Amino acid sequence: QVQLVESGGGLVQAGGSLRLSCAASGRTFSSYTMGWFRQAPGKEREFVARIAWSGAITLYSDSVKGRFTISGDNAKSTVYLQMNSLTPEDTAVYYCAATSGLGSSYASRYDYWGQGTQVTVST
């Protein structure tokens, strides 16, 4: 079983920055793809970014590309999401996820999920 715990969320003004962390424990595999998703009230969970533990392959949604950066530290079993130039539209609960299958931007393809961390961007 893989356990994921997010941290780093909070309240920030528009234009500000936050860095989210996702610490993984339990049985993990270097072949896993790690992803970040977010869900705002009344909306479906949407893909934000993903990274392959092996190969340093990354992919971003169009809405965050150029503003957010996903990175990982295999030695610490931790994935990060650096968020810059935040806007109120980025307000959501952010979730870390992992899949043992091929890399995917679909939430339904991920096997493990963290509990989420709230990010609120004020005007």
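Since this is a predicted model, take the numbers as computed values, not measurements.
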*Using the side-chain contact (heavy atoms from CB on, under 4.5 Å) rule, take Asp90 and Arg67 through it: C-alpha gap first, then chi angles, then the decisive distance, then the call.*
CA-CA 11 Å; Asp90 296 315; Arg67 300 188 297 122; 2.8 Å; yes
*Give the minimum heavy-atom separation between Tyr112 and Leu4, together with the two atoms involved.*
O-CD1, 3.7 Å
*Distance flag, aromatic centroids of Phe37 and Phe47, threshold under 6.0 Å*: yes
*Would Asp73 and Thr78 count as having a side-chain donor-acceptor pair, cut-off 3.5 Å?*
no
*Minimum heavy-atom separation for Tyr106 to Tyr110, with atom names?*
O-CD1, 3.3 Å
*Determine yes or no for a side-chain-to-main-chain donor-acceptor pair under 3.5 angstrom, with Thr117 supplying the side chain and Gly9 the backbone.*
yes
*asked:* Check whether Thr91 reaches the backbone of Val121 with its side chain - one donor and one acceptor, N or O, closer than 3.5 Å.
replied: yes
*asked:* Quick check: closest heavy atoms across Gly101 and Asp111, and the distance to 0.1 Å?
replied: N-OD2, 4.5 Å
*Side-chain heavy atoms under 4.5 angstrom apart, residues restricted to Ile, Leu, Val, Met, Phe, Trp, Tyr: same cluster for Val2 and Ile51?*
yes
*Could you check if a side-chain atom of Leu18 sits within less than 4.5 angstrom of a side-chain atom of Leu86, using non-hydrogen atoms only?*
yes
*Stepwise, does the side-chain contact (heavy atoms from CB on, under 4.5 Å) test hold for Leu11 with Ser122?*
CA-CA 7 Å; Leu11 175 65; Ser122 63; 4.3 Å; yes
*Indicate, with yes or no, if the rings of Phe68 and Trp36 have centres closer together than 6.0 Å.*
no
*With Arg50, which residues qualify under salt bridge (Lys or Arg N to Asp or Glu O under 4.0 Å), at least two apart?*
none
_Testing the basics here: between Leu102 and Thr33, what is the closest heavy-atom pair and its distance to 0.1 Å?_
C-OG1, 4.5 Å
*Which pair of heavy atoms, one from Ala49 and one from Tyr60, lies closest together, and at what distance?*
CB-CD2, 3.6 Å
*Which pairs pass side-chain hydrogen bond (donor to acceptor under 3.5 Å, both in side chains) with one or both residues in residues 5-24, sequence neighbours excluded?*
Ser17-Asn84
*Leu20 and Val79, any side-chain heavy atoms less than 4.5 Å apart*: no
*Between Tyr94 and Gln118, is a side-chain contact (heavy atoms from CB on, under 4.5 Å) present by the stated rule, with each step listed?*
CA-CA 6 Å; Tyr94 283 70; Gln118 177 70 48; over 6 Å; no
*Intermediate values then yes/no, side-chain contact (heavy atoms from CB on, under 4.5 Å), Ser61 and Arg38*: CA-CA 11 Å; Ser61 69; Arg38 66 186 182 185; 5.6 Å; no
*Just wondering, do Leu81 and Thr69 contact through their side chains at under 4.5 Å, heavy atoms?*
no
*Is Gln82 close to Ser71 at the side-chain level, that is, under 4.5 Å between some pair of heavy atoms?*
no
*asked:* Can you confirm if the NZ or CZ of Arg45 lies within 45° of the ring axis of Tyr95 and under 6.0 Å from the centre of its six-membered ring?
replied: yes
